[in-house]
Undergrad: 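Got a structure for you, written out below as structure tokens; questions coming shortly.
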Amino acid sequence: GNRMTPAIQHAGQRGLRNIARCIFEDTRVEGTDAIDPYDSVLCASEWAATLLRSGTNKPVAMIHEGIDHSLFFPGPRSGILDPGCFYVFTGGKIEFRKAQDLVILAFREFAARHDDAVLVAAWHSPWAGRASGFRGSLPIALQEDAVGMPLIQRWVTENGIPSHQFIELPLTANSLMAAVLREMDCALQVSRCEACTNLPAMEAMACGVPVILANNSGMRDLIDTENCFVLKSQARVSTAMDLGTEGWGESDVEEIVEALETLYADTQKRRRIAARGAEWILQHRRTLQEHANSLKSHILASL
């Protein structure tokens, strides 16, 4: 985690060889005392690997995360949703880093132009209480109810998106998400930073959904020729939180709107990006099975 703090402490427990798997967004990695006892370091993006190599003399390896291809693959729509609407999926727990504020600002403008546009948000997480009070660039902050659940529908509508243009998904098992994604016309993932790549984006790509993706941090490892719609403008990120943000990126709201407009108007472009994205996931072995194979090989090679 950030500051290289282990999520689980195992005092006194050591193996023949010991590997530190580092998943972090804080770019200040000069203090690496916590990983000194380990023999090697493992991370999940080229961005993270570069940061680690600059801050430690330990061997650094990178293994990308993967999607479960037995679940996430292209398939027909079920017909459960109105075929006359344009559905935009967005996923990830609510926090500054995931940039739901930028999603709301951009979709608010897009929705004002297209009454058939619907934002479908998978924003609930097991860490619901951490989202309370988040506003980012929005005028109104997210509140929670009496039992600590975030009032997402109210938050979105209070910030200008009509209620009939927003669907709030409940906390949903990953095994059911492929069925949701196949109903979508595109996906919008504009995180300010990703330590790995962006799992909701990968799952959408694997299902044949064209993804609008921010060109920053670990997400760069997903970007190739026309396999997604790339948000090129990435402003420097400054945050009140005590974090280093080198390599983070702030997507431009107008560019997000332009991307949505392009995919809305050009069905053929949507299909090309969707097909290329699904193909790319398999060609580049971004599956859970390949991840497991690579991890096993890395562990065995270190013995």
Undergrad: Arg271: what forms a salt bridge (charged side-chain N to carboxylate O under 4.0 Å, His left out) with it, not counting sequence neighbours?
TA: none
Undergrad: Please round to the nearest 0.5 Å and tell me the distance separating atom CZ of Arg53 and atom CE of Met62.
TA: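 Separation between the atoms: 8.0 Å.
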Undergrad: Distance check, rounded to the nearest 0.5 Å: Leu231 atom CG versus Ser251 atom OG?
TA: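 Atom-to-atom, Leu231:CG and Ser251:OG are 4.5 Å apart.
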Undergrad: With a 3.5 Å distance limit and no angle check, can you tell me whether Lys58 reaches the backbone of Asp36 through a side-chain donor-acceptor pair?
TA: yes
Undergrad: Quick one: do Lys98 and Glu95 make a salt bridge, cutoff under 4.0 Å?
TA: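 Salt bridge between Lys98 and Glu95, a charged N being under 4.0 Å from a carboxylate O: no.
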Undergrad: Please output the side-chain donor-acceptor pairs of residues 135-144 that fall under 3.5 Å, not counting sequence neighbours, one pair per line with the distance.
TA:
unit_1 : atom_1 : unit_2 : atom_2 : d
Arg135 : NH1    : Pro139 : O      : 2.5
Ser137 : OG     : Asp101 : OD2    : 3.4

Undergrad: Taking the basic N atoms (NZ, or NE/NH1/NH2) and the acidic carboxylate oxygens, is any pair closer than 4.0 Å for Glu250 and Arg236?
TA: no
Undergrad: Using modelled atom types and a 3.5 Å cut-off, is there a donor and acceptor pairing between side-chain atoms of Glu255 and backbone atoms of Lys232?
TA: yes
Undergrad: Strictly by salt bridge (charged side-chain N to carboxylate O under 4.0 Å, His left out), give each pair with a member in residues 108-120 just once, sequence neighbours left out.
TA: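 Only Glu109-Arg113, Arg113-Glu261 qualify under salt bridge (charged side-chain N to carboxylate O under 4.0 Å, His left out).
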Undergrad: Spell out, as yes or no, whether a donor-acceptor pair under 3.5 Å connects the side chain of Asp221 to the backbone of His64.
TA: no
Undergrad: Please determine whether ring-ring contact (aromatic ring centres under 6.0 Å, His included) holds for the pair Phe107 and Phe166, giving the CA-CA distance in whole Å, both sets of side-chain angles, and the decisive distance to 0.1 Å.
TA: CA-CA 10 Å; Phe107 190 82; Phe166 181 72; 8.3 Å; no
Undergrad: Does the Glu183 side chain pair with the main chain of Ser78, one donor and one acceptor, at a distance under 3.5 Å?
TA: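 Flag set: sc Glu183 to bb Ser78 pair under 3.5 Å.
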Undergrad: Can a salt bridge be assigned to the pair Asp26 and Arg97 using a cut-off of 4.0 Å between side-chain N and carboxylate O?
TA: no
Undergrad: Can we call the ring centroids of Phe86 and His114 under 6.0 Å apart?
TA: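 Here the rings of His114 and Phe86 have centres that are no less than 6.0 Å from each other.
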Undergrad: If you count heavy atoms of other groups shown closer than 6.0 angstrom to OH of Tyr87, is the number above 12?
TA: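 Enclosed: over 12 neighbouring heavy atoms sit under 6.0 Å from OH of Tyr87.
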Undergrad: Counting only N and O atoms by type, is there a donor-acceptor contact under 3.5 Å from the side chain of Ser294 to the main-chain atoms of His291?
TA: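 A pair under 3.5 Å: no.
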Undergrad: Examine the side chains of Gln100 and Thr90 and answer whether a donor and an acceptor come within less than 3.5 Å of each other.
TA: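 Judged by distance alone, the side chains do not pair up.
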Undergrad: Ignoring hydrogens and angles, state whether a donor on the side chain of Glu168 or His124 is under 3.5 Å from an acceptor on the partner side chain.
TA: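 Note: Glu168 and His124 side chains meet the donor-acceptor criterion.
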Undergrad: For Arg28, which of Asn2, Thr245, Asp242 qualifies under side chain to side chain donor-acceptor pair (under 3.5 Å)?
TA: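 Result for side chain to side chain donor-acceptor pair (under 3.5 Å) with Arg28: Asp242.
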Undergrad: Does Ser191 reach the main-chain N or O of Glu194 with its side chain, forming a donor-acceptor pair under 3.5 Å?
TA: no
Undergrad: When you measure from the side chain of Arg192 to the backbone of Phe96, do you find a donor-acceptor pair of N or O atoms at a distance under 3.5 Å?
TA: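 Confirmed, Arg192 side chain pairs with Phe96 backbone.
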Undergrad: Any donor and acceptor pair, going by atom type alone, linking the side chain of Thr172 with main-chain N or O of Pro170 inside 3.5 Å?
TA: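 Indeed, once roles are kept as given, a pair shorter than 3.5 Å links the two residues.
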Undergrad: Where the side chain of Thr50 meets the backbone of Glu46, is there a donor-acceptor pair that is under 3.5 Å apart?
TA: yes
